[in-house]
Amino acid sequence: MITTGRRFEEGPQAPAVGILGTGSCLPSHVVTNDEVGAPAGVDGEWILSKTGIRNRRWAKPDEATSDLAIAAGRAALEQAGIRGSELSLVIAATSTPDSPQPPTAALVADGLGAGSGTTAFDLNAVCSGFIFALTTAERIIRNTGGYALVVGADVYSRILNPEDRRTTILFGDGAGAVVIGPSEGRTLLSARLAGFSSEHELIGVPAGGSRLPVTEDTLRDGLHYFTMNGRAVRDFVAEMVAPAISAFLADNGVSAADIAHFVPHQANGRMIDDLADRIGIPRERTRSTYEEYGNTGSASVPVTLDHAVHTVEMKDGDLVLLAAFGGGMAMGLVLLRW
């Protein structure tokens, strides 16, 4: 395990960096449990009982990751009162880019009217990607000033095997974004990133990279599809993520009772409920979107945060805990003061 943890306010001269705006975009096409269940050999009620998911959104054939990311970014910029041309940094957290090259972030920056000097790059930490990208952007902006757009976006529907009930019933498509910059409110207080590299085989897409390029054989064998050992992932969350969150809170002098809003990765409803119970955060303070959107990969935390901003009362001074975990295996935690 590789762990990094720190408080964001490292020195008296370090300017506070906060979230100035949030935004999200979910495709309009709603896919029901019965639709995904039939090819996988399960019915809609079984999916609901096992996952808590009722529906998910899938991108239309002419929609790509960058399209969703641009729409989410535009909403975040509008809420922040920032123009795209004012951005100095764009990071796109995704494991389903539009194409291997160029970076999807470049397409997002261009689509939002960012200037020619705007730095844009992708970050792939699978479902933890948004937290990793947010932490990276905070460090850059705190050192250089300016504004950053951090977006988590994935279109998993393009890499799902419709007959694999371990995956196809869980995932939806979407994008969520935040604008960060100098601020005395909604500040990022502390973060912890961790890698559990020995568990890298739990989640992945076997073909499509330099080790196993796509060929007729890999397509025939279905190696271009997303795979996941769901039972092992569930055990990983219980055994590794839950204790790490409790330790993170303790290291920051915070208890579970102090958290006003818990925004976890929306893996599935049963896993989220178990995680919240293990760390002692009441379910009424656990924010969720999985019921209607499913697991949207790196988009799930920012989508759920944006949903909370618009649907529940988030008061000044509230403590907000963001927590994500995913392929790699990787985990990211961020503590915010709203």
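What you see is a predicted model, and the numbers here were worked out from it, not measured in a lab.
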## Note on the structure
Taken in chain and number order and not counting sequence neighbours, the residues that satisfy side chain to side chain donor-acceptor pair (under 3.5 Å) with Asp318 are His261

## Note on the structure
For Asp277, the side chain to side chain donor-acceptor pair (under 3.5 Å) test, sequence neighbours excluded, returns Arg283

### Query
Would you say Ser300's side chain and Thr296's backbone share a donor-acceptor pair under 3.5 angstrom?
no

### Query
Between Asp251 and Arg192, which heavy-atom pair has the shortest distance, and what is it?
OD2-NH2, 2.8 Å

### Task
Sequence neighbours left out, what pairs pass ring-ring contact (aromatic ring centres under 6.0 Å, His included) with at least one residue falling in residues 272-314?
none

### Summary
Here the pair of heavy atoms bringing Ala109 nearest to Val90 is CB-CG2, 4.0 Å

### Contact list for residues 145-176, test ring-ring contact (aromatic ring centres under 6.0 Å, His included), sequence neighbours left out
Tyr156-Phe171, Tyr156-Phe226, Phe171-Phe226

### Query
Where the side chain of Thr286 meets the backbone of Ala276, is there a donor-acceptor pair that is under 3.5 Å apart?
no

### Query
Does the Gln266 side chain pair with the main chain of Pro264, one donor and one acceptor, at a distance under 3.5 Å?
yes

### Query
Of the non-hydrogen atoms in Gly294 and Ile53, which two are nearest, and what is the gap between them?
CA-CD1, 3.9 Å

### Query
Tell me the ring-ring contact (aromatic ring centres under 6.0 Å, His included) pairs involving residues 104-140, sequence neighbours left out?
none

### Message
Has Arg56 got a side-chain atom pairing as donor or acceptor with Ile169's backbone, closer than 3.5 angstrom?
### Response
yes

### Task
Any ring-ring contact (aromatic ring centres under 6.0 Å, His included) involving residues 312-338? Give me the pairs, sequence neighbours left out, ordered by first then second residue.
His265-Phe325

### Message
Strictly by side-chain hydrogen bond (donor to acceptor under 3.5 Å, both in side chains), give each pair with a member in residues 200-218 just once, sequence neighbours left out.
### Response
Asp217-Arg220

### Residues that Glu35 engages under side chain to side chain donor-acceptor pair (under 3.5 Å), provided they are two or more places apart
Thr32

### Query
If only atom types and distance count, is the side chain of Asn268 paired as donor or acceptor with the main-chain N or O of Arg270 below 3.5 Å?
yes

#### Entry: Pairs where residues 105-132 contributes a residue and the test side-chain hydrogen bond (donor to acceptor under 3.5 Å, both in side chains) is met, not counting sequence neighbours
none

### Task
Please confirm whether the backbone N or O of Gly317 pairs with a side-chain atom of Arg337, one donor and one acceptor, at under 3.5 Å?
yes

### Query
Could you give the distance from CD1 (Ile141) to CG (Leu134), rounded to the nearest 0.5 Å?
11.0 Å

### Met271 backbone acceptor or donor facing Asp274 side chain under 3.5 Å
no

### Heavy-atom donor-acceptor pair, Asn143 side chain to Arg139 backbone, under 3.5 Å
yes

### Task
Taking side chain to side chain contact (heavy atoms under 4.5 Å, CB included) as the test, write out the residues that go with Asp164, two or more places apart.
Asn161, Arg166, Thr167

### Task
Please answer whether the main-chain N or O of Leu189 pairs with a side-chain N or O of Thr187 as donor and acceptor at a distance below 3.5 Å.
no

### Query
Taking it one step at a time, do Thr104 and Ser66 satisfy side chain to side chain donor-acceptor pair (under 3.5 Å)?
CA-CA 6 Å; Thr104 296; Ser66 65; over 6 Å; no

Give the table of side-chain donor-acceptor pairs shorter than 3.5 Å for residues 69-79, with sequence neighbours excluded, one pair per line with atom names and distance.
from	atom 1	to	atom 2	distance (Å)
Gln79	OE1	Thr22	N	3.1

What donor-acceptor contacts under 3.5 angstrom involve side-chain atoms of residues 228-248, with partners at least two apart or in another chain?
from	atom 1	to	atom 2	distance (Å)
Asn229	OD1	Ala232	N	3.1
Ser246	OG	Ala242	O	3.4

#### Entry: Nearest atoms (heavy-atom pairs only) where Asp173 meets Ser157
OD2-OG, 2.6 Å

#### Entry: Whether Ser190 side chain and Leu335 backbone form a donor-acceptor pair below 3.5 Å
no

### Summary
With Leu321 as partner, the option from Leu336, Ile281, Val263 fulfilling side chain to side chain contact (heavy atoms under 4.5 Å, CB included) is Ile281

### Task
Check Leu20 against Pro182 and note the closest heavy-atom contact, atom names and distance.
CD2-O, 4.0 Å

### Message
Minimum heavy-atom separation for Ala175 and Val151, please, with both atom names.
### Response
CB-CG2, 4.5 Å

### Side chains of Met329 and Ile203 in contact at under 4.5 Å (non-hydrogen atoms)
yes

